[in-house]
Amino acid sequence: MNDLPKSVTWRGQHYSFRTLGTLPRAPEAEDAWAVWHGREFIGTLPYVPGETSREFELRSAGWFRGLIG
């Protein structure tokens, strides 16, 4: 899994993504991204193998629409 942090700007707000496996106490949970807004954890986004950066941005935008509206 590509565990490099990612970031997306949605509606003018910056969000960062880190794989759960890169976070302390979660080495077994590498199949999802932890989503952060500033220092606030707001949820998880499933990891999709082989996804391009553009596909990730589009999928995360859909995730934000469903979560935040």
Side-chain angles (χ1 to χ4, degrees):
M1 176 175 194
N2 178 355
D3 60 0
L4 296 175
K6 297 183 182 291
S7 64
V8 171
T9 300
W10 188 71
R11 292 189 177 174
Q13 298 292 315
H14 178 77
Y15 297 87
S16 59
F17 297 76
R18 292 188 291 168
T19 59
L20 287 176
T22 63
L23 299 173
R25 295 188 231 139
E28 71 286 350
E30 294 186 0
D31 60 345
W33 295 97
V35 186
W36 302 84
H37 182 247
R39 299 173 117 194
E40 180 181 7
F41 171 76
I42 61 170
T44 59
L45 178 70
Y47 174 78
V48 176
E51 186 172 51
T52 67
S53 294
R54 181 66 180 146
E55 290 168 335
F56 179 82
E57 289 176 11
L58 291 173
R59 190 166 63 91
S60 63
W63 183 84
F64 287 128
R65 282 191 297 277
L67 180 70
I68 301 169

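Note that this is a predicted model, so its numbers are computed, not measured. Counting from 1, the numbers follow the sequence of the chain as shown.
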>> For the CG atom of L58 and the OG1 atom of T52, what is their distance to the nearest 0.5 Å?
In response: 8.0 Å
>> If we check ring pair (Phe, Tyr, Trp, His ring centres under 6.0 Å) with F17, which of these qualifies: F56, F41, Y47?
In response: F56
>> Going by the rule side-chain hydrogen bond (donor to acceptor under 3.5 Å, both in side chains), which residues pair with H14 if we only count those two or more places apart in sequence or in a different chain?
In response: none
> With sequence neighbours left out, what residues match R54 under salt bridge (Lys or Arg N to Asp or Glu O under 4.0 Å)?
Replying inline: E57
> What distance separates K6 NZ from W33 CH2, expressed to the nearest 0.5 Å?
Replying inline: 4.5 Å
> Can you get from L67 to L45 by hopping between Ile, Leu, Val, Met, Phe, Trp and Tyr side chains that sit under 4.5 Å apart?
Replying inline: yes
> Between E55 and G50, which heavy-atom pair has the shortest distance, and what is it?
Replying inline: OE1-O, 4.1 Å
> For residues 32-52, which residue pairs qualify under salt bridge (Lys or Arg N to Asp or Glu O under 4.0 Å), counting only residues two or more places apart or in two chains?
Replying inline: E51-R59
> Is there a path from V8 to V48 through hydrophobic residues (I, L, V, M, F, W, Y) whose side chains come within less than 4.5 Å of each other?
Replying inline: no
>> Please enumerate all residues that pass side-chain hydrogen bond (donor to acceptor under 3.5 Å, both in side chains) together with T9, with sequence neighbours excluded.
In response: none
> Can you list the residues that meet the ring pair (Phe, Tyr, Trp, His ring centres under 6.0 Å) rule with Y15, with sequence neighbours excluded?
Replying inline: H37, F64
> Under 3.5 Å, side chain of W63 to main-chain N/O of T44, donor-acceptor pair present?
Replying inline: yes
